[in-house]
Amino acid sequence: NAGVTQTPKFQVLKTGQSMTLQCAQDMNHNSMYWYRQDPGMGLRLIYYSASEGTTDKGEVPNGYNVSRLNKREFSLRLESAAPSQTSVYFCASIGQISNQPQHFGDGTRLSIL
Amino acid sequence: AQSVSQHNHHVILSEAASLELGCNYSYGGTVNLFWYVQYPGQHLQLLLKYFSGDPLVKGIKGFEAEFIKSKFSFNLRKPSVQWSDTAEYFCAVISSGGYQKVTFGTGTKLQVIP
């Protein structure tokens with residue numbers, strides 16, 4: 001089925017460890033997004049990529065880096081994980097037509113001890 | 001700057017009660033408006049969207065929303081809720097043209113009591 005695929009679904013890290021969250025979409029979408037979702041705060045944009053080869057900071061970029069490897073893939077990296085980064089992370093993508101909704105992945109539940 | 005406000009953070013209703021969740025946005029240009037639903041443990045799914053035409057939009061599962069441009073509002077309604085509607089609901093705005101900037105509200109948790 002077409003859609004947005006995120007891996008892993010769950011991860012537990014120790015403070016200071018690094019890891020990369022993977023996201024891939026097969027809908028030929030130009031724009032891709034990484035959000036974190038925390039109770040009572042809705043979805044907050046970490047980084048986005050308007051097209052292949054470009055990335056920009058969102059609302060809460062500190063502590064994260066991203067790579068738009070190609071049109072399909074947009075990865076999120078935590079270089080040195082901190083407990084404040086415990087969250088559920090969602091990747092999303094959207095096509096060029098602005099009246100289309102975002103398509104979301106199933107999320108990655110990340111706990112930092 | 002583009003922003004979305006959802007004033008109801010937590011709503012508790014009995015089955016068969018009517019629902020209205022508020023959503024107000026601020027943006028000077030043309031926007032497209034969306035309501036998403038997130039069932040426990042799942043990702044966000046589209047309920048309905050508005051981008052032009054009839055301001056009363058009907059979505060899945062009996063939900064509807066009305067776009068009132070003068071009030072910058074896009075409230076979600078359902079005449080009779082069911083226990084299965086228990087979820088979190090997010091309003092979102094996407095600005096038109098160029099890069100699609102997406103802004104979400106903070107969400108409203110709906111709990112329906114059987």
Side-chain angles (χ1 to χ4, degrees), chain A residues 1-7 9-10 21 23 25 27 29-60 68 74 87-109, chain B residues 1-11 21 23 25 27 29-54 57 59-60 65 67 74 87-109:
Chain A
N1 290 336
V4 179
T5 304
Q6 282 183 243
T7 55
K9 293 193 186 307
F10 303 95
L21 308 186
C23 175
Q25 52 89 11
M27 295 171 284
H29 285 170
N30 286 334
S31 299
M32 297 185 74
Y33 309 72
W34 275 105
Y35 295 92
R36 61 177 289 173
Q37 184 179 25
D38 302 290
M41 304 188 79
L43 275 80
R44 292 184 291 169
L45 183 65
I46 304 170
Y47 271 92
Y48 64 91
S49 170
S51 62
E52 183 180 354
T54 68
T55 61
D56 285 286
K57 294 178 180 179
E59 188 183 349
V60 288
R68 184 73 183 268
F74 187 40
S87 187
V88 181
Y89 292 84
F90 287 98
C91 178
S93 70
I94 193 169
Q96 278 186 288
I97 302 173
S98 59
N99 61 17
Q100 298 302 309
Q102 283 184 309
H103 292 256
F104 285 86
D106 288 338
T108 297
R109 190 171 295 274
Chain B
Q2 191 170 292
S3 68
V4 178
S5 297
Q6 290 181 246
H7 303 293
N8 312 106
H9 298 295
H10 194 184
V11 173
L21 301 182
C23 173
Y25 69 93
Y27 181 68
T30 303
V31 293
N32 300 300
L33 299 157
F34 302 81
W35 275 99
Y36 288 87
V37 60
Q38 185 180 31
Y39 298 103
Q42 297 187 25
H43 63 273
L44 275 73
Q45 303 171 45
L46 182 69
L47 263 183
L48 49 77
K49 63 179 182 180
Y50 170 83
F51 53 93
S52 67
D54 189 344
V57 179
I60 61 172
F67 171 54
F74 189 54
E88 192 161 11
Y89 294 81
F90 293 91
C91 182
V93 165
I94 299 180
S95 54
S96 297
Y99 161 66
Q100 285 92 298
K101 178 176 170 57
V102 185
T103 303
F104 283 89
T106 52
T108 298
K109 283 190 176 177

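Lettering of chains follows the sequences in order, A, B, ..., and the numbering in each one begins at 1.
- Checked by atom type and distance alone, the side chain of B:Y36 pairs as donor or acceptor with a backbone atom of A:Q102 at under 3.5 Å.
- A search for salt bridge (charged side-chain N to carboxylate O under 4.0 Å, His left out) contacts involving A:R109 returns nothing, not counting sequence neighbours.
- There is no contact between A:E59 and chain B, counting heavy-atom distances below 4.5 Å.
- The part of B:L46 that comes within reach of chain A is its side chain, from C-beta onward, which places non-hydrogen atoms under 4.5 angstrom from that chain.
- Residues forming a side-chain contact (heavy atoms from CB on, under 4.5 Å) with B:Q45 (at least two apart in sequence, or on another chain): B:V37, B:Y39, B:Q42, B:H43.
- Only the side chain of B:Q38 comes within contact range of chain A, with heavy atoms under 4.5 Å apart.
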(request) With side chain to side chain contact (heavy atoms under 4.5 Å, CB included) as the test, would you mind laying out the steps for A:Q37 and B:F90 before giving the verdict? (result) CA-CA 12 Å; A:Q37 184 179 25; B:F90 293 91; 3.2 Å; yes
(message) Please evaluate residues A:L43 and B:V102 with respect to the criterion side chain to side chain contact (heavy atoms under 4.5 Å, CB included), reporting the C-alpha separation (whole Å), side-chain torsions for both, the decisive distance (0.1 Å), and the verdict.
(response) CA-CA 10 Å; A:L43 275 80; B:V102 185; over 6 Å; no
